[in-house]
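Notes follow once the structure below has been shown.
Along the sequence shown, residues carry numbers from 1.
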Amino acid sequence: MIASLSTVVMLAGCSNKVTTINKESSNNLVFANFRDLRDLNPHLYNGEMFAQNLIFESLVKIADDGSFEPWLAESWEILDDGTTYVFKLREDVSFTDGVKFNAEAAKANFDAILDNADRHTWLESVRLMQEVDNNGGKSVEVTGEYELTIRLAEAYYPFMVELGVIRPFRFISPNCFIDGTTKNGVTEYIGTGSYYLAENNVDEYSVFKVNENYWGEKPEIEEIIAKVIPDNQTRVMALENGEIDLLYGTNTIDTETYLKFESLEGFETKLSDPVSTRMMIINTTNEILSDVKVRKAIQHATDRQTVSDSIFEGMESPADTVLATTVPYANIGLQPYEYNLETAKQLLDEAGWIEVEGKTYRQKEGKEFAITLNYCVDNVTEKTIAEFYQSELAKIGINLSLNGEEEQAHRDRMKAGNFDITFNISWGSPYDPQSFLAGMRKPVYGDYAAQQGLEEKEQIDEAILKALKSTDEVERQECYKYVLTTLHEEAVYIPVTYERNRAVYNSSVGNVLFKASQYEVPMNEMIKK
């Protein structure tokens, strides 16, 4: 148990400051995560986002209502028809190693991100900054000790959102760069945030301590201990036994766990509004799945209501479309695919996949209808849904095999397009629709590969890009409507439910909140009663 570990004396970060950590302090919060922190370099995507959010800060913060608030930039102007951004930076901020945060430090971070542009293909803003530089201009320029000017080749309305999300536009001390950049790693994880990483025992636990020199309001909780507990049942027992204080997030709390603690004395539960779409992607390049009638048959064989009622006990509502109508630009009147096994069977008949006497599964030209569904074993509900779905598709004569893999292998498979059907989610607020759709244009996750069999793939990508650049709301809406309608009619995505973020915690923890992004765990705002 972390709570019973002895006091540890250690070196903390670039500052070489000796820190004494009292694991029995009453003013700490013990949080359980299913894996280690990994690489917290804020300019890359391998580290745990809750930790990056504690340590590193950005120019702007995305408020709960989607607006933008000052953070390391105290004000800004948008000029030249939306292509130039001038940020006035705070003058009272230092990294936890003592290095001053100013326009030079900010520019060094932007330069490091641009130096690794191929890693950020989902960010259209990176390409637009590169284009300025390639044409002889200066995309990021120090225009005063505390003034930073950023130029884009064209207007790009999601730029402020991309600045505000957890990565990659966060700032790390230039002293931690390797050879003047960050793409090959960093020497330490030193930010300007309200906490710093004091200790990391790989695959065991990590300790975050309050930054005593923090420029803003200091958190009430002095110490956060993140314990690594991969197994779901072990996490549940640890919370119930008082070894940990908090479980947070859809990946670590299944429905059974949530309902258990909902009625357990001494514990509290909290559920967010819908944040993203839980879905599956169909690979249109697959020989069997390239037929839109087959894809539509699978849609009609998807019993979303039963998944909602039986697997999620109504906590997640059925998803009719790939993006909920509450997502900006997504309320376009699409007709959901009705759950109807007879319709599904008829479509398979029309596609040439027929029932053959003596055969369990449908056949076409002597070949069995056999496909595989890939899922992430680190996600506590995907296996349950997969097993239910396997039995459902068997009802219409489809042999669905299941393949569970740990998260990185699952993501690598998606990116490579090596799948028939695979689980995925939309990116959620504040990424939807712009970042989720922008990621379809490049091999970021599985979307790009899955869409390669569509005749309209090139037009889809062009419409997405046009929407991102447009300053005309009507034009932007029409572009998004075309993309979402086409993907819906081509039956590429199988929406299942609309995810809701979850928290289960000891009653001694207060002010447990959900933020605009489901990937934030706002422990800096929590308190111990």
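- Proximity of Asn501 to Thr250: side-chain heavy atoms (C-beta onward) are separated by under 4.5 Å at one or more points.
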- side chain to side chain donor-acceptor pair (under 3.5 Å) assessment of Tyr45 paired with Arg167: CA-CA 7 Å; Tyr45 303 96; Arg167 54 198 188 196; over 6 Å; no
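- Remark: Glu256 CD is loosely packed, at most 12 non-hydrogen atoms of other residues, nucleotides or ligands lying under 6.0 Å away.
- Residues Glu57 and Phe171 fail the side-chain proximity criterion, which asks for heavy atoms closer than 4.5 Å.
- With hydrogens and angles ignored, the 3.5 Å screen pairs no side-chain donor or acceptor of Arg170 with any backbone N or O of Pro42.
- Of the possible polar contacts, none joining the Asn374 side chain to the Glu405 backbone as a donor-acceptor pair under 3.5 Å is found.
- Looking at residues two or more places apart in sequence or on another chain, you find a salt bridge (Lys or Arg N to Asp or Glu O under 4.0 Å) between Asp64 and Lys515.
- Within 6.0 Å of the NZ atom in Lys383, the count of heavy atoms belonging to other residues, nucleotides or ligands does not exceed 12.
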- Task: For Tyr189 and Asp39, run side chain to side chain donor-acceptor pair (under 3.5 Å): C-alpha distance rounded to whole Å, both residues' side-chain angles, the deciding distance at 0.1 Å, then the answer.
- Result: CA-CA 9 Å; Tyr189 304 128; Asp39 181 5; 3.1 Å; yes
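- Considering only residues two or more places apart in sequence or on other chains, Pro274 meets the side-chain contact (heavy atoms from CB on, under 4.5 Å) condition with Tyr498, Arg500.
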- Task: Apply the test salt bridge (charged side-chain N to carboxylate O under 4.0 Å, His left out) to residues Glu223 and Lys528: give CA-CA distance (whole Å), side-chain angles for both, the deciding distance (0.1 Å), then the verdict.
- Result: CA-CA 11 Å; Glu223 178 181 274; Lys528 290 295 283 290; over 6 Å; no
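- A side-chain donor-acceptor contact under 3.5 Å links Glu406 to the backbone of Gln408.
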- Trace of the side chain to side chain contact (heavy atoms under 4.5 Å, CB included) decision for Val60 with Glu69: CA-CA 6 Å; Val60 298; Glu69 298 176 347; over 6 Å; no
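- Asn116 has its side chain out of reach of Thr181: every pair of non-hydrogen atoms, C-beta onward, lies at least 4.5 Å apart.
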- Task: Decide yes or no on side chain to side chain donor-acceptor pair (under 3.5 Å) for Asn200 and Ser206, but give the supporting numbers first.
- Result: CA-CA 4 Å; Asn200 182 34; Ser206 304; 2.6 Å; yes
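- Within 6.0 Å of NZ in Lys442 there are 12 or fewer heavy atoms belonging to other residues, nucleotides or ligands.
- At a threshold of 4.5 Å between non-hydrogen side-chain atoms, the residues Phe50 and Phe31 count as touching.
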- Message: Go through it in stages, so that I can follow the logic: the residues are Glu220 and Asn511, the test is side chain to side chain contact (heavy atoms under 4.5 Å, CB included), and I'd like the CA-CA distance, side-chain angles, deciding distance and then a yes or no.
- Response: CA-CA 11 Å; Glu220 289 198 22; Asn511 205 36; over 6 Å; no
- Message: Determine whether Thr381 and Arg278 satisfy the following criterion, side chain to side chain donor-acceptor pair (under 3.5 Å), listing intermediate values before the conclusion.
- Response: CA-CA 11 Å; Thr381 55; Arg278 187 188 300 276; 3.0 Å; yes
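- Aromatic pair Phe208/Tyr195: ring centres not closer than 6.0 Å.
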- side chain to side chain contact (heavy atoms under 4.5 Å, CB included) between Glu268 and Val512, intermediate numbers included: CA-CA 10 Å; Glu268 296 182 31; Val512 177; over 6 Å; no
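- Salt bridge Glu104/Lys107: absent, no basic N to carboxylate O contact under 4.0 Å.
- For the side chain to side chain donor-acceptor pair (under 3.5 Å) with Asn33, the qualifying choice from Glu48, Lys227, Arg235 is Glu48, the only one to do so.
- For residues 222-265, the set of pairs meeting the ring-ring contact (aromatic ring centres under 6.0 Å, His included) definition, not counting sequence neighbours, comprises Tyr248-Phe514, Phe261-Phe267.
- Considering only heavy atoms from C-beta on, Met279 comes within 4.5 Å of Val322 through its side chain.
- No side-chain heavy atom of Tyr205 sits under 4.5 Å from any side-chain heavy atom of Val30.
- The closest side-chain heavy-atom distance from Ser517 to Tyr431 is below 4.5 Å.
- Environment of CG in Asp179: sparse, with no more than 12 heavy atoms of neighbouring residues, nucleotides or ligands closer than 6.0 Å.
- Two residues are said to be in side-chain contact when any heavy atoms from C-beta on lie closer than 4.5 Å; Phe388 and Ser310 fail this criterion.
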